[in-house]
**Q** 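Here it is: the structure, laid out below.
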Amino acid sequence: MKYVLVTGGVVSGLGKGVTASSIGLILKCCGLRVTSIKIDPYLNTDAGTMSPFEHGEVFVLDDGGEVDLDLGNYERFLDIKLTRDNNITTGKIYQSVLDKERKGDYLGKTVQVVPHITDAIQEWIERVAVIPVDGEDSPADVCVIELGGTIGDIESMPFIEALGQFSYRVGAGNFCLIHVSLVPVLNVVGEQKTKPTQHSVRGLRSLGLTPNILACRSTTALDDNVKEKLSRFCHVPVDSIISLYDASNIWRVPLILRDQKAHEAILKVLNLKGVAREPVFGEWTSRTELCDRLHEPVRVAMVGKYTGLSDSYLSVLKALLHSSVACRRKLFVDWVPASDLENETAKENPENYRNSWNLLKGADAVLVPGGFGDRGVEGKILAAKYARENRIPYLGICLGMQIAVIEYARSILGLQDANSTEFDPNTPNPCVIFMPEGSKTHMGGTMRLGSRRTYFQVKDSKSTKLFGNQSFVDERHRHRYEVNPDMVQQFEDAGLSFTGKDETGRRMEIVELPNHPYFIGVQFHPEFKSRPGKPSAVFLGLIAAACGQLDSLLKKGGTPTHGLSNGTASGEKLHRNGNGTTLANGSLDGIYRNGNGVHV
């Protein structure tokens, strides 16, 4: 097994995840099989209980693991299926060591960070690296490890020590360290400054790790004299210094790596030059070019709770991007804070209220993603009502599906006090209820999580056709509440169709309005399995409906009319700060607007 470690220096948010994913992809295109591990130094056991505002979305895996969003990048870039153990946290490591100590596995020894914690980290990496993630039976050839945080963080010290020991243990030729650092340009001087990277590398080496390759983030390509200076002071060959400059689209990052022969530098360190071939990207390149050429817009109103941080809905945005490229449209996402649609905002902040409703009414489609808590729920219900009454394509995910059911109960069944017991435990008409197997005392890992099977109930429904007329589909879930099975017949008698159910037939998975151009809600999270060449069926249906392509899509059995098949990718966002300055954070594609019409 060969290992590639990706670390970061100077500042956080440089794009280590995208860099690690791109490195994995270029190695895969060289004919190697690749797996990935993400190390998060926080004490949480997993990401499941963390606020999206603090840490971005919680990505859910097939096995129910609630993990860091970077694992979503790995899955999309490499088209693999990871496990919960591919995300290592300080909490998991300490928990495993303490469990061993309680069982007496350490034979009365004093349990310490070195060697017990550091040994546990190394053993975890070696164990997980050999788990096949690409459908094959044998282990991968290369494991790409991303160390979260920044070199010098106190919380990551045990991992740094463990990885230093690990590099010595696996030996030269089996370990390659790529350090991602910042080369800023001061506006006053206009010169690329190398000192931050010099200090970062010096700090890294003082901790026992020596970088083989420098990946330098900058607004523009590094000047030759800057590379030579970095080489001289960081002791890294010039041809092993890679310039990761801002790109129009992060699908270009692997191509930037290829153009600078980054794969050759990596293969040389890992002694794989005689084994691997020159990278073959195939449709990746054509999809990248296509994405930059798109100009005809499709505008989607994203009505959510966490609109202040786009990473809160990262996978949803990726899935929209995959589908819009397949439909040959340039994606624009209008961020609509759900609470701004409510009547209270009309009194307290009429300008926000007016702007949010204008964005909603100007959209080609409406999407209500998942979420927790009662803030903004009434605004989401109003958005679902607007889409239903005005025949605007609508997709509700998880809570978004439950919202659509509550709105239907109020507007069509006449149950004005209909609600979810999550928001009103004493509602006389509970159309959404707490699932009996859930826990009301423990939050972490107690939801209905991971891949579950949905069986289609109506053969000629839009959802069945979008999924290729299959009898069932496996999708990933993350929820505590469900549609009240005792009210299903009442809903169906009133025209709402539950076209997908679980194996018991009592848990509702897909709901749609047959007489609406496109009004679908799903209890699962289809965004987690969307891939650039294989967009999620319900997202593709939403964009196709917004573009007037739905009929032809359904006739083709859910296959995109123009879409490129196979392959994986991700996107990039250009956003504006409060001063109107364009920034690139390497996470999404397109230009997104908040409820005030400001680019964010």
**Q** Report yes or no: do Ser536 and Arg531 form a side-chain donor-acceptor pair below 3.5 Å?
**A**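 No, because no side-chain N or O of Ser536 sits under 3.5 Å from a partner of the opposite role on Arg531.
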**Q** Does Arg299 come within less than 4.0 Å of Asp364, counting only side-chain N to carboxylate O?
**A**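 Salt bridge between Arg299 and Asp364, a charged N being under 4.0 Å from a carboxylate O: no.
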**Q** Decide side chain to side chain contact (heavy atoms under 4.5 Å, CB included) for Ile397 and Val368; before the verdict, give the C-alpha distance in whole Å, the side-chain angles of both, and the deciding distance to 0.1 Å.
**A** CA-CA 6 Å; Ile397 298 169; Val368 178; over 6 Å; no
**Q** Stepwise, does the side chain to side chain contact (heavy atoms under 4.5 Å, CB included) test hold for Val316 with Phe539?
**A** CA-CA 9 Å; Val316 174; Phe539 278 91; 3.9 Å; yes
**Q** Does Asn390 reach the main-chain N or O of Ile392 with its side chain, forming a donor-acceptor pair under 3.5 Å?
**A**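 Absent.
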**Q** Hey, could you give me the CZ/CD distance between Phe528 and Glu475, rounded to the nearest 0.5 Å?
**A**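 So the gap between those two atoms works out to 11.0 Å.
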**Q** Between Leu69 and Phe59, what is the shortest heavy-atom contact and its length?
**A**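 Scanning both residues completely, I find the closest heavy atoms to be CA-CB, 4.2 Å.
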**Q** For Arg329 versus Pro297, what's the shortest heavy-atom pair and its separation?
**A**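 Result for this residue pair: CD-O, 4.1 Å.
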**Q** Any side-chain heavy-atom pair from His479 and Cys398 closer than 4.5 angstrom?
**A**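 Yes, their side chains come closer than 4.5 Å.
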**Q** Side chain of His516, backbone of Ala387: donor and acceptor closer than 3.5 Å?
**A**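 Yes, the answer is positive, given that a donor and an acceptor are paired below the 3.5 Å cut-off.
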**Q** Going by an N to O cut-off under 4.0 Å, is there a salt bridge joining Glu482 and Arg507?
**A**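 Result for this pair is yes, salt bridge flagged.
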**Q** Verify, without hydrogens or angle tests, whether Arg453 (side chain) and Val473 (backbone) share a donor-acceptor contact under 3.5 angstrom.
**A**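 No: the side chain of Arg453 does not pair with the backbone of Val473.
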**Q** If every non-hydrogen atom of Ala338 is compared with every non-hydrogen atom of Gly376, which pair is closest and at what distance?
**A**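 Of all heavy-atom pairs spanning Ala338 and Gly376, the closest is CB-O, 3.3 Å.
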**Q** For residues Ala494 and Tyr408, report the shortest heavy-atom separation together with the two atoms involved.
**A**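 Residues Ala494 and Tyr408, closest heavy atoms: O-OH, 2.6 Å.
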**Q** Taking Asp551 first and then Lys465, would you say they form a salt bridge - that is, a charged N and a carboxylate O separated by under 4.0 Å?
**A**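 Result for this pair is no, no salt bridge flagged.
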**Q** Quick one: do Glu296 and Arg328 make a salt bridge, cutoff under 4.0 Å?
**A**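 Salt bridge: no.
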**Q** Does Tyr518 form a ring-ring contact (aromatic ring centres under 6.0 Å, His included) with Tyr394? I'd like the steps, not just the answer.
**A** CA-CA 6 Å; Tyr518 192 87; Tyr394 174 90; 9.2 Å; no
**Q** Hey, are Asn86 and Thr83 close enough side-chain-wise for a donor-acceptor pair under 3.5 Å?
**A**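 Their side chains do contain a donor-acceptor pair, which is all the 3.5 Å distance test asks for.
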**Q** Under a 3.5 Å cutoff, is there a donor and acceptor pairing between the side chains of Glu512 and Ser463?
**A**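 A donor-acceptor contact under 3.5 Å links the two side chains.
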**Q** Supply the atom-to-atom distance Leu513 CG to Thr499 OG1, rounded to the nearest 0.5 angstrom.
**A**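 Reported value, rounded in 0.5 Å steps: 10.5 Å.
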**Q** Does one side chain, of Asn419 or Asn429, offer a donor that lies under 3.5 Å from an acceptor on the other?
**A**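 Side chains of Asn419 and Asn429: no pair found under 3.5 Å.
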**Q** Taking Ser552 for its side chain and Gln549 for its backbone only, find out whether a donor-acceptor pair lies under 3.5 Å.
**A**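 Looks like yes, one N/O pair under 3.5 Å.
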**Q** What I'd like to find out is whether the side chain of Asn343 reaches to under 4.5 Å of the side chain of Glu378, using heavy atoms alone.
**A**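 Asn343 does not reach Glu378 side chain to side chain.
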**Q** Measure the CD-CZ distance between Glu407 and Arg410 for me, rounded to the nearest 0.5 Å.
**A**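 So the gap between those two atoms works out to 9.0 Å.
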**Q** With rounding to the nearest 0.5 Å, note down the distance linking NE2 in His295 to CZ in Arg293.
**A**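 Spacing of NE2 (His295) from CZ (Arg293) equals 9.5 Å.
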**Q** Quick check: closest heavy atoms across Glu66 and Val58, and the distance to 0.1 Å?
**A**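 Smallest heavy-atom distance, with atoms named: CB-CG1, 3.6 Å.
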**Q** May I ask you to decide if Tyr353's main-chain N or O and Asp340's side chain share a donor-acceptor pair within less than 3.5 Å?
**A**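 No, because the side chain of Asp340 does not come within donor-acceptor range (under 3.5 Å) of the backbone of Tyr353.
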**Q** Regarding Asp292 and Ser248, do their side chains bring together a donor and an acceptor under 3.5 Å, going by distance alone?
**A**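 On atom types as modelled, these side chains qualify, holding a pair under 3.5 Å.
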**Q** Contact between Gln457 and Phe498 at the side-chain level, heavy atoms closer than 4.5 Å - yes or no?
**A**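 Not in contact.
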**Q** Taking salt bridge (charged side-chain N to carboxylate O under 4.0 Å, His left out) as the criterion, tell me which of Lys81, Lys318, Arg476 meets it with Glu75.
**A**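 When salt bridge (charged side-chain N to carboxylate O under 4.0 Å, His left out) is applied between Glu75 and each of Lys81, Lys318, Arg476, only Arg476 qualifies.
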**Q** Answer yes or no: is there a donor N or O on one side and an acceptor on the other, between the side chain of Glu348 and the main chain of Thr345, under 3.5 Å?
**A**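 The answer is no, because no donor-acceptor pair under 3.5 Å joins these two groups.
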**Q** Taking Leu550's backbone N and O only, do any of them form a donor-acceptor pair with Lys462's side chain (distance below 3.5 Å, no angle check)?
**A**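 No; judged by distance alone, with no hydrogens or angles, the pair does not exist.
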**Q** Which pair of non-hydrogen atoms, one from Ala546 and one from Pro393, has the smallest distance, and what is that distance?
**A**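 Residues Ala546 and Pro393, closest heavy atoms: N-CG, 4.0 Å.
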**Q** What's the spacing between Glu146 CD and Lys38 NZ if we round to 0.5 Å?
**A**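 It comes to 4.5 Å.
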**Q** Is there a donor-acceptor contact under 3.5 Å from the side chain of Asp40 to the main chain of Tyr42?
**A**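 Checked: no pair found.
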**Q** Test side chain to side chain donor-acceptor pair (under 3.5 Å) on Gln95 and Asp99; report intermediate values, then the result.
**A** CA-CA 6 Å; Gln95 190 173 57; Asp99 287 344; 5.5 Å; no
**Q** To the nearest 0.5 Å, what is the distance between OG on Ser420 and CD1 on Ile433?
**A**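 If I round to the nearest 0.5 Å, the distance is 9.5 Å.
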**Q** Does Ser461 use its side chain to pair, donor to acceptor, with the backbone of Val458 at less than 3.5 Å?
**A**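 A pair under 3.5 Å: yes.
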**Q** Output yes when Lys534 and Asp79 qualify as a salt bridge under the 4.0 Å nitrogen-oxygen rule, no when they do not.
**A**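 Yes, Lys534 and Asp79 are salt-bridged.
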**Q** After noting the C-alpha distance and the side-chain angles of Met302 and Leu317, does the key distance pass the side chain to side chain contact (heavy atoms under 4.5 Å, CB included) rule?
**A** CA-CA 9 Å; Met302 179 91 79; Leu317 293 167; 3.7 Å; yes
**Q** Classify the side-chain pair Arg478/His525 by whether it contains a donor and acceptor separated by less than 3.5 Å.
**A**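 Their side chains do not contain a donor-acceptor pair, so the 3.5 Å distance test is not met.
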**Q** Please tell me whether Glu509 and His477 have a donor and an acceptor in their side chains that are separated by less than 3.5 angstrom.
**A**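 Present: a donor and an acceptor within the cut-off.
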**Q** Would you check if the distance from the ring center of Phe472 to the ring center of Phe456 is below 6.0 Å?
**A**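 No, the ring centres sit 6.0 Å or more apart.
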**Q** Phe491 versus Asp493: any side-chain heavy-atom pair under 4.5 Å?
**A**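 The answer is no; the side chains never approach within 4.5 Å.
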**Q** Please check if the side chain of Thr89 supplies one atom and the backbone of Asn44 the other of a donor-acceptor pair under 3.5 Å.
**A**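 Looks like yes, one N/O pair under 3.5 Å.
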